[in-house]
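The block underneath contains the structure these notes are about, expressed in structure tokens.
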Amino acid sequence: MPDSSLNALIEALRRLPGVGVKTASRMAFHLLQHDREGAQLLAQALQQASTRMRHCSLCHTFTEGEVCATCLDPQRDASKLCIVETPADQAALERTAAYRGRYFVLMGKLSPLDGIGPRDIGLAKLFERATDGAVQEVILATNFTAEGEATAHVIGEALKQRGLKVTRLARGVPAGSELEYVDLGTIAHALVDRR
């Protein structure tokens with residue numbers, strides 16, 4: 001069948017989050033029609049990343065080595081451990097340049113409806129890391145979704161029982177916004193979490 005390679009490319013692109021049939025088709029046609037060199041670069045980069053990248057043995061983020069550069073950085077504050085759901089969340093925090101501690105990346109969140117429990121997101125490894133003797137404060141930086149809140153609650157309670165100081169990212173009204181346009185849940189949380 002002459003279109004099998006094209007269909008395989010479209011189906012492969014559909015695996016990306018937020019990419020449906022139309023978008024995948026546009027991407028495939030663009031690469032094949034206008035950017036064959038880009039298609040080759042993309043294929044090589046995907047192949048390289050999928051074979052070389054693995055999880056850091058300390059924080060669980062993606063790295064090519066046994067331990068990632070962040071964990072190896074002696075300038076990092078080992079007394080602070082920030083827990084995030086994904087490497088993308090870690091990258092977002094790093095871009096702020098406001099945090100200089102260490103991380104633990106869960107690679108997910110608790111979601112009983114989807115069958116994702118504590119073992120699926122590596123909580124045993126997290127608890128081992130958090131109680132290594134160096135960590136004094138754990139910062140819960142999971143997302144403010146129902147699953148993220150549940151994950152933060154479970155982790156927070158378990159770490160408090162182990163004698164650690166546990167804090168949660170603040171939430172509230174975004175800088176530069178006007179109250180009349182902010183959703184009611186955000187305003188309510190900002191009032192509760194005011195300082």
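Note that these values count all heavy atoms, side chains included, but never hydrogens, waters or copies made by symmetry. In this chain, numbering begins with 1 at the start of the sequence shown.
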Euclidean distance, [Y] [atom2] relative to [X] [atom1], rounded to 0.5 Å:
| X | Y | atom1 | atom2 | value |
| --- | --- | --- | --- | --- |
| E64 | M53 | CD | CE | 5.5 Å |
| R26 | I10 | CZ | CD1 | 11.5 Å |
| I139 | K165 | CD1 | NZ | 8.5 Å |
| R76 | C71 | CZ | SG | 9.0 Å |
| L31 | L9 | CG | CG | 6.5 Å |
| L123 | R129 | CG | CZ | 14.5 Å |

Which pair of heavy atoms, one from [X] and one from [Y], lies closest together, and at what distance?
| X | Y | value |
| --- | --- | --- |
| C68 | T63 | CA-OG1, 3.5 Å |
| S57 | V67 | OG-CG2, 3.5 Å |
| L110 | G117 | CD2-C, 3.4 Å |
| G148 | R168 | O-NH2, 4.1 Å |
| A24 | V19 | N-CG1, 3.6 Å |
| L6 | F29 | CD2-CE2, 3.6 Å |

Same cluster or not: [X] versus [Y], using hydrophobic residues (I, L, V, M, F, W, Y) connected whenever any side-chain heavy atoms lie under 4.5 Å apart?
| X | Y | result |
| --- | --- | --- |
| L32 | M27 | yes |
| V135 | L140 | yes |
| I83 | M107 | no |
| F127 | L164 | yes |
| V138 | L93 | no |

Using distance alone, with no hydrogens and no angle criterion, decide if [X] and [Y] have a side-chain donor and acceptor under 3.5 Å apart.
| X | Y | value |
| --- | --- | --- |
| E94 | Y103 | yes |
| T142 | E85 | no |
| T167 | E137 | yes |
| N143 | T145 | no |
| T70 | D73 | no |

**Asked** Salt-bridged, E149 to R171, with N to O below 4.0 Å?
**Response** yes
**Asked** Does R14 come within less than 4.0 Å of E11, counting only side-chain N to carboxylate O?
**Response** yes
**Prompt:** Should the heavy atoms of other residues, nucleotides or ligands under 6.0 Å from NE2 of H153 be counted, would the total exceed 12?
**Reply:** no
**Asked** Around atom CD of E157, are there more than 12 heavy atoms of other residues, nucleotides or ligands at under 6.0 Å?
**Response** yes
Please examine the side chains of [Y] and [X], heavy atoms only from C-beta on, and report whether any two atoms are closer than 4.5 Å.
| X | Y | result |
| --- | --- | --- |
| L106 | L126 | yes |
| R102 | K80 | no |
| C82 | F104 | no |
| K109 | I116 | no |

**Item:** Distance under 6.0 Å and angle within 45° of ring axis: R54 vs F62
**Value:** no
**Message:** Walk me through whether E37 and D35 qualify under side chain to side chain contact (heavy atoms under 4.5 Å, CB included).
**Reply:** CA-CA 5 Å; E37 183 183 339; D35 196 3; 4.2 Å; yes
**Item:** Residues in side chain to side chain contact (heavy atoms under 4.5 Å, CB included) contact with A43, at least two apart in sequence or another chain
**Value:** none
**Request:** For F144, check ring-ring contact (aromatic ring centres under 6.0 Å, His included) against everything at least two apart and list the hits.
**Result:** none
